[in-house]
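Heads up: the structure comes next, in structure tokens.
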Amino acid sequence: MTEQLYEIYTDDSGAFTVGQIVAQNDDDIVFRGVDEEGKISAYYALPKKMIAEMVTDTPYLAKIRKYMRYGKEHPYSGWYVLPQLPLNPEGPILTQVLRIAEREGALVTVGRSGDEELVCGYVREIEKGRVLIDCVDPESAQNLSQVKLRIRDLEYIEYGSISNMLLTYANQNTLPKEDE
């Protein structure tokens, strides 16, 4: 495995995300998230100022590398593939991720400064440093109202995750009533 794995810390709580860097510039970074089973799980784009520390070569990462190798050698690993994310590190990375989500009609999850509640939804418009999102309730998959956010207030963007793909499916599909 040649791609470096990191434990990525965004605060001093001890919680971290495991990931591999996909793109970065002076301001922002995108990494491919790896879950606790060693599966590639999502893209995370965030301002570099949000990162407190990135650590390599820990016993936990050694275990995750083994899980990743196991996954490549067994057929269960092929059921989900992270979409491509073509980025230009010379430009504003967070805006690029949002534009890709808008073009693809992909649901994203965003975290914003000063707000513990996450926003899930579809990017409708990006203009003058702001993004308009058609929100979706992650609990019920029902449509909610729109929200306009300043891109510079975003702490992170989750793109291409299994969770977001499942929420998209639940939002866009209805089941027949049980008595039908």
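Keep in mind that this is a model prediction, so the values were computed, not measured.
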*Candidate pair Met54 and Thr56, rule side-chain contact (heavy atoms from CB on, under 4.5 Å), full reasoning*: CA-CA 7 Å; Met54 292 177 60; Thr56 61; over 6 Å; no
_Between Ile29 and Met50, does the side-chain contact (heavy atoms from CB on, under 4.5 Å) criterion hold? Intermediate values first, please._
CA-CA 10 Å; Ile29 189 167; Met50 297 303 303; over 6 Å; no
*Please report the C-alpha distance between Gln20 and Phe31 in whole Å, then the side-chain angles of each, then the deciding distance to 0.1 Å, and finally whether the side-chain contact (heavy atoms from CB on, under 4.5 Å) criterion is met.*
CA-CA 5 Å; Gln20 301 168 316; Phe31 61 91; 5.8 Å; no
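At least one side-chain heavy atom of Pro86 sits less than 4.5 Å from a side-chain heavy atom of Ile100. Looking only at side-chain heavy atoms (C-beta outward), Lys48 and Asp28 stay at 4.5 Å or farther from each other. Between Thr10 and Lys49 the shortest side-chain heavy-atom distance does not fall below 4.5 Å. Between Glu158 and Tyr44, the closest side-chain pair of non-hydrogen atoms falls below 4.5 Å. Residues Gln96 and Leu85 have side chains not in contact (no heavy-atom distance under 4.5 Å, counting atoms from C-beta outward). The side-chain heavy atoms of Val147 and Arg112, taken from C-beta on, include a pair separated by under 4.5 Å.
Remark: Val22 engages Val30, Arg32, Tyr43 in a side-chain contact (heavy atoms from CB on, under 4.5 Å) (not counting sequence neighbours). In this structure, Ser163 has no side chain to side chain donor-acceptor pair (under 3.5 Å) partners at least two apart in sequence or on a different chain. A search for side-chain contact (heavy atoms from CB on, under 4.5 Å) contacts involving Leu118 returns Thr109, Tyr156, not counting sequence neighbours. With sequence neighbours excluded, no residue forms a side chain to side chain donor-acceptor pair (under 3.5 Å) with Asn25. Among residues two or more places apart in sequence or in another chain, the side-chain contact (heavy atoms from CB on, under 4.5 Å) test is passed with Pro83 by Tyr80, Tyr159, Met165. Here Ser13 pairs with Asp11 under the side chain to side chain donor-acceptor pair (under 3.5 Å) rule; sequence neighbours left out. With sequence neighbours excluded, the residues forming a side-chain contact (heavy atoms from CB on, under 4.5 Å) with Tyr169 are Asn173, listed by chain and number. In this structure, Glu36 has no side chain to side chain donor-acceptor pair (under 3.5 Å) partners at least two apart in sequence or on a different chain.
The stretch residues 111-149 participates, sequence neighbours left out, in no ring-ring contact (aromatic ring centres under 6.0 Å, His included) pair at all. For residues 99-111, no residue pair satisfies the salt bridge (Lys or Arg N to Asp or Glu O under 4.0 Å) rule, not counting sequence neighbours. Residue pairs satisfying the salt bridge (Lys or Arg N to Asp or Glu O under 4.0 Å) criterion with at least one member in residues 146-155, sequence neighbours excluded, are listed as follows: Arg150-Asp153.
Cluster membership check: Ile126 shares its hydrophobic cluster with Leu154, using side-chain heavy-atom separations under 4.5 Å among Ile, Leu, Val, Met, Phe, Trp and Tyr. Note on Leu98 and Val119: same hydrophobic cluster, where clusters join Ile, Leu, Val, Met, Phe, Trp and Tyr whose side-chain heavy atoms are under 4.5 Å apart, directly or indirectly. Linking Ile, Leu, Val, Met, Phe, Trp and Tyr residues whenever their side-chain heavy atoms come within less than 4.5 Å leaves Val97 and Ile51 in two separate clusters. Criterion: ILVMFWY side-chain heavy atoms under 4.5 Å apart, direct or through other members. Under it, Ile162 and Val18 are part of a common hydrophobic cluster. Hydrophobic clustering (side-chain heavy atoms under 4.5 Å, transitive across Ile, Leu, Val, Met, Phe, Trp, Tyr) groups Ile93 together with Leu149.
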All N/O donor-acceptor pairs, side-chain side in residues 129-142, below 3.5 Å, sequence neighbours left out:
| unit_1 | atom_1 | unit_2 | atom_2 | d |
| --- | --- | --- | --- | --- |
| Asp134 | OD1 | Gln146 | NE2 | 2.5 |
| Asp134 | OD2 | Arg124 | NE | 2.3 |
| Asp137 | OD1 | Glu139 | N | 2.8 |
| Asp137 | OD2 | Ser140 | OG | 3.3 |
| Ser140 | OG | Gln142 | N | 3.2 |

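A pairwise comparison of heavy atoms in Arg65 and Asp57 identifies NH2-N, 4.2 Å as the closest pair. Listed here is the closest heavy atom pair of Leu61 and Leu5: CD1-O, 3.7 Å. Residues Ala101 and Val108 share a closest heavy-atom pair of CB-CG1, 3.5 Å. Contact detail for Leu94 and Ile157: the closest heavy-atom pair is O-CD1, 3.7 Å.
Classification of the Phe16-Tyr60 ring pair by plane angle, with boundaries at 30° and 60°, yields perpendicular.
Counting only distance, with no hydrogens or angles, the side chain of Ser41 and the backbone of Gly33 share a donor-acceptor pair below 3.5 Å.
Judged purely by distance below 3.5 Å, without hydrogens or angles, the side chains of Tyr9 and Glu7 pair a donor atom with an acceptor atom.
The distance from the CG atom of Leu46 to the OG1 atom of Thr17 is 9.0 Å, given to the nearest 0.5 Å. Interatomic distance, Ile40 CD1 to Glu3 CD, rounded to the nearest 0.5 Å: 7.5 Å. Of the inter-residue distances, the one linking Leu107 atom CG with Leu167 atom CG reads 5.0 Å to the nearest 0.5 angstrom.
Environment of NZ in Lys66: sparse, with no more than 12 heavy atoms of neighbouring residues, nucleotides or ligands closer than 6.0 Å.
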